[in-house]
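See structure below.
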Amino acid sequence: MSDSVPDISHDQHAVRRQKLAELRAAGFDPFRANVATTHFSQDAKALYVDGQDYVTVVTVAGRLITFRVQGGSSFVKIQDQQGPIQLYFRKDVLGEERYTVFKKQLDLGDIIGVTGPLFKTKTGEITIRVDSFTLVSKALRPLPEKWHGLSDAEQVYRQRYLDLIVNQESRHRLMTRARIVSAVRRFLEDRQFLEVETPVLQAVAGGAAARPFQTHHNALNTDFVLRISLELYLKRMLVAGYDRVFEIGRNFRNEGVSRRHNPEFTMLEVYQAYSDYRGMMTLVQDLMRHLVRDVVKPTETEGEGETAVTRPSMRIKHAASGEFIDFENGWREVRYKDLIIEKTGDAQWFSRSKEEKIAGVQKLGLFADAKWEDFELTNEIFGKLIEPTLIQPTFVTHLPKELCPLAKITADDPTTIDVFELIIGGMEIAPAYSEQNDPDVQRQMFEAQAGEEQQKVDQDFLLALEHGMPPAGGMGIGIDRLCILLTGAESIRDVILFPQLRNTAG
RNA sequence: GGGUCGAUAGCUCAACGGUAGAGCAGCAUCCUUUUAAGUUGUUGGUUCCGGGUUCGAAUCCCGGUCGACCCA
């Protein structure tokens with residue numbers, strides 16, 4: 001290099017582009033190369049038989065995540081979907097020329113394929129001795145720091161791929177989410193539930209009370225909303241004669257963004273004909289235990305040092321309270337009214353006047369709006385003071401009928417509905433109903449709605465009900481919240497690959 | 001929408017009104033079983049953006065952008 005060439009050694013992007021140019025000048029374009037892998041990293045390691053060094057030959061590929069050159073030999077690690085595997089490069093194996101290419105033209109972050117036999121190093125790590133390697137993708141940008149990883153929250157979310165490359169915890173958490181969704185599918189399919197897909201673009205945003213996103217279809221010249229719930233179309237499928245159906249799908253709510261809310265989120269809804277909310281109780285309990293036992297697989301360690309014993313557990317630590325949630329024995333069932341009476345200390349709470357309720361809410365230190373309906377005042381107590389304290393799995397039953405127009409009225413109490421709200425870790429995880437299938441009562445309940453809980457009336461849905469819907473139990477589970485709970489995450493953003501952020505694209 | 005906090009090298013962080021630094025990464029060097037490898041040397045800055053105060057601003061003040069947390 002002449003003196004006139006500028007020093008680019010500080011600019012990692014420029015240095016890497018130069019290495020790429022050098023590779024191409026030598027007749028090799030990494031972006032046109034590929035590798036025929038035989039195994040993923042951990043599957044390859046599992047092939048190693050103790051004492052049989054340099055016998056089993058594998059080809060694996062992945063991203064270079066550590067680089068330790070020591071003169072004529074080097075240890076590096078690559079990482080694939082299954083995790084890391086160590087590679088051992090030697091000058092006397094590869095030859096001077098290839099070893100120099102390895103040393104001088106590969107960088108952390110590059111994606112390579114290698115072929116060679118497995119062996120165990122003197123520190124006991126199963127390693128591939130590299131007989132040949134191919135660079136299949138040059139990384140033109142440097143990886144975040146190897147030890148601290150990437151911790152800038154904004155970059156973690158906007159460039160999640162970097163977070164997933166360098167932060168083990170994120171890799172594991174989001175991998176667990178994928179496994180949870182997959183296990184939910186298998187669990188339901190094993191019980192003869194059919195997975196269906198229903199419209200995201202809807203004329204009426206029904207099935208819940210929330211502000212929808214609005215959009216427009218040009219060719220039909222019609223306004224649509226993005227769905228806020230899966231419910232009303234799945235019930236049409238019950239009318240259609242699909243007796244057990246479910247959908248795992250994205251809902252959209254045009255509301256605030258917080259630790260618990262993302263504008264788009266994933267819902268599971270399940271409907272089972274000839275069942276009811278009690279049947280859903282058993283189903284969700286079985287499902288949760290299955291997910292904890294077979295997907296999350298928590299363990300607990302007793303004792304310390306050499307006497308320590310680690311064994312499978314059914315308990316998961318709740319991030320916010322530090323309490324352990326027991327999915328085996330923690331389940332409890334309690335009526336909404338009893339919780340309110342206990343909290344207010346007023347056995348006559350539900351026959352108090354609105355003014356007395358406002359005073360009661362304020363006495364508990366909460367804000368009470370005079371515009372609120374009676375049930376909203378009561379529900380403020382539930383939402384603010386009771387729900388957050390229900391850490392162990394709790395079925396809250398017999399909710400006031402105003403809270404949901406889509407459920408059956410309790411036979412011996414016209415003020416409540418046959419539903420449960422499953423609360424775990426202080427979060428609403430799964431509501432379930434004995435679904436209302438009387439078209440006339442359904443219409444009346446829609447019309448009697450008041451306050452913030454009002455739902456839009458879907459006339460086409462009422463028409464479907466008039467054709468006859470079998471009695472059914474139905475349940476919804478917020479998949480994101482379920483993942484927060486099961487992975488011990490603190491925020492919904494930790495379990496969503498690309499959470500919604502303000503757009504900064506200029 | 002309101003309050004609090006934050007933004008400094010590619011990344012993780014210092015500097016708290018007086019010369020912008022460190023570790024990792026990069027570059028160069030030595031090193032054939034390492035585990036955040038080690039050795040010697042070294043490059044690198046629009047201190048988020050725009051104003052203001054001051055002899056002097058990463059630092060203080062005002063406005064904005066983006067983010068985190070709390071509240072609505």
Side-chain angles (χ1 to χ4, degrees), chain A residues 1 5-19 22 53-54 64-79 83-96 99-100 102-110 116 118-130 139-163 165-168 211 254-261 319-320 365-369 371-372 376 380 383-384 388 452 490-494 499-506:
Chain A
M1 251 186 266
V5 175
D7 175 20
I8 57 162
S9 68
H10 63 276
D11 183 345
Q12 303 191 46
H13 183 60
V15 167
R16 284 165 184 242
R17 281 201 174 276
Q18 191 174 45
K19 289 179 183 179
E22 285 163 13
D53 284 354
Y54 311 112
L64 267 167
I65 52 163
T66 65
F67 214 74
R68 286 191 288 271
V69 178
Q70 316 168 68
S73 83
S74 305
F75 286 97
V76 309
K77 273 183 185 162
I78 59 170
Q79 175 173 267
I85 186 168
Q86 181 166 263
L87 312 176
Y88 186 43
F89 287 75
R90 292 178 62 104
K91 182 153 67 176
D92 58 10
V93 171
L94 290 161
E96 177 93 38
Y99 191 73
T100 302
F102 155 75
K103 227 167 57 165
K104 292 293 177 186
Q105 280 166 336
L106 296 195
D107 286 299
L108 285 174
D110 288 355
L118 295 162
F119 74 103
K120 200 178 237 180
T121 66
K122 71 178 186 189
T123 53
E125 178 154 358
I126 297 166
T127 302
I128 298 172
R129 204 237 8 246
V130 176
L140 296 173
R141 303 276 180 183
L143 287 177
E145 209 239 14
K146 62 182 171 187
W147 185 240
H148 298 94
L150 186 67
S151 61
D152 177 55
E154 187 171 357
Q155 220 176 335
V156 163
Y157 301 142
R158 288 197 198 276
Q159 293 182 275
R160 178 70 87 181
Y161 47 92
L162 291 179
D163 173 51
I165 290 167
V166 298
N167 292 336
Q168 276 314 303
R211 197 193 309 174
N254 204 342
E255 295 173 350
V257 177
S258 79
R259 237 155 46 96
R260 296 260 173 275
H261 300 86
L366 297 173
F367 173 78
D369 194 318
K371 291 197 294 279
W372 288 351
E376 291 177 294
E380 182 73 1
K384 290 280 163 56
E452 295 287 313
E490 293 184 11
S491 164
I492 197 167
R493 286 182 283 256
D494 297 332
Q500 208 64 50
L501 297 180
R502 201 178 290 272
N503 184 12
T504 55

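Below, chain A is the first sequence line, B the second, and so on; all start at residue 1. In this text, all values refer to a predicted model and were calculated from it rather than measured experimentally.
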Given [options], which nucleotide is nearest the side-chain atoms of [X]?
| X | options | value |
| --- | --- | --- |
| A/Lys122 | B/rU32, B/rC31, B/rU34 | B/rU34 |
| A/Phe75 | B/rC24, B/rU34, B/rU29 | B/rU34 |
| A/Ser9 | B/rC31, B/rU34, B/rU43 | B/rU43 |
| A/Asp92 | B/rU34, B/rC11, B/rU32 | B/rU32 |
| A/Ser151 | B/rA28, B/rC13, B/rG67 | B/rC13 |
| A/Lys384 | B/rA72, B/rU12, B/rU32 | B/rA72 |
| A/Ser73 | B/rC27, B/rG67, B/rU32 | B/rU32 |
| A/Asp107 | B/rG44, B/rC27, B/rG10 | B/rC27 |
| A/Leu150 | B/rG67, B/rG44, B/rC11 | B/rC11 |
| A/Ser491 | B/rC27, B/rA36, B/rC69 | B/rC69 |

Rounded distance (Å) that lies between atom [atom2] of [N] and atom [atom1] of [X]:
| X | N | atom1 | atom2 | answer |
| --- | --- | --- | --- | --- |
| A/Gln500 | B/rC66 | CD | P | 14 Å |
| A/Asp152 | B/rC11 | CG | C1' | 10 Å |
| A/Tyr88 | B/rU33 | OH | C1' | 5 Å |
| A/Gln155 | B/rG6 | CD | P | 20 Å |
| A/Gln70 | B/rU39 | CD | C1' | 12 Å |
| A/Asn167 | B/rC11 | CG | C1' | 11 Å |
| A/Leu366 | B/rC71 | CG | P | 12 Å |

If only side-chain N and O atoms of [X] are considered, is one of them under 4.0 Å from the OP1 or OP2 phosphate oxygen of [N]?
| X | N | result |
| --- | --- | --- |
| A/Arg16 | B/rG10 | no |
| A/Arg68 | B/rU34 | no |
| A/Lys104 | B/rU29 | yes |
| A/Thr121 | B/rU34 | no |
| A/Arg90 | B/rU32 | no |
| A/Arg493 | B/rC69 | yes |
| A/Lys91 | B/rC31 | no |
| A/Arg129 | B/rU33 | no |
| A/Thr127 | B/rU34 | no |
| A/Lys146 | B/rA37 | yes |

In whole Å, what separates the [atom1] atom of [N] from that of [M]?
| N | M | atom1 | answer |
| --- | --- | --- | --- |
| B/rA20 | B/rU46 | P | 14 Å |
| B/rG17 | B/rU53 | C1' | 12 Å |
| B/rG3 | B/rG63 | P | 10 Å |
| B/rU4 | B/rG52 | P | 25 Å |
| B/rU42 | B/rG21 | C1' | 16 Å |

Discussion item. Between A/Gln168 and A/Gln79, is the side-chain hydrogen bond (donor to acceptor under 3.5 Å, both in side chains) condition met? List the steps.
Written reply: CA-CA 11 Å; A/Gln168 276 314 303; A/Gln79 175 173 267; 3.2 Å; yes
Worksheet entry | Presence of donor-acceptor pair under 3.5 Å, side chain of A/Gln12 and base of B/rA25 |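 Yes, a donor-acceptor pair under 3.5 Å.
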Worksheet item: Considering only heavy atoms and no angle criterion, is a donor-acceptor pair shorter than 3.5 Å present between the side chain of A/Gln86 and the base of B/rU34?
Response: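 Per atom types, the contact qualifies.
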With both distances under 3.5 Å as the test, what is the Watson-Crick or G-U wobble partner of [N]?
| N | result |
| --- | --- |
| B/rU34 | none |
| B/rG67 | B/rC5 |
| B/rC55 | B/rG18 |

Worksheet item: For A/Arg211, does the CZ atom sit with more than 12 other heavy atoms under 6.0 Å from it, leaving out its own atoms?
Response: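 Check fails, neighbour count at 12 or below.
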Worksheet item: Is a donor on one side and an acceptor on the other found under 3.5 Å between the side chain of A/Glu145 and the backbone of A/His148?
Response: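 Indeed, once roles are kept as given, a pair shorter than 3.5 Å links the two residues.
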Practice prompt. List the atom of A/Lys19, the atom of A/Leu106, and the distance in Å for their closest heavy-atom pair.
Written response: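 Scanning both residues completely, I find the closest heavy atoms to be NZ-O, 4.2 Å.
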Practice prompt. Indicate the ring-plane relationship of A/Phe89 and A/Phe102, choosing parallel, tilted or perpendicular according to the 30° and 60° boundaries.
Written response: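 Rings of A/Phe89 and A/Phe102: parallel, as their planes differ by under 30°.
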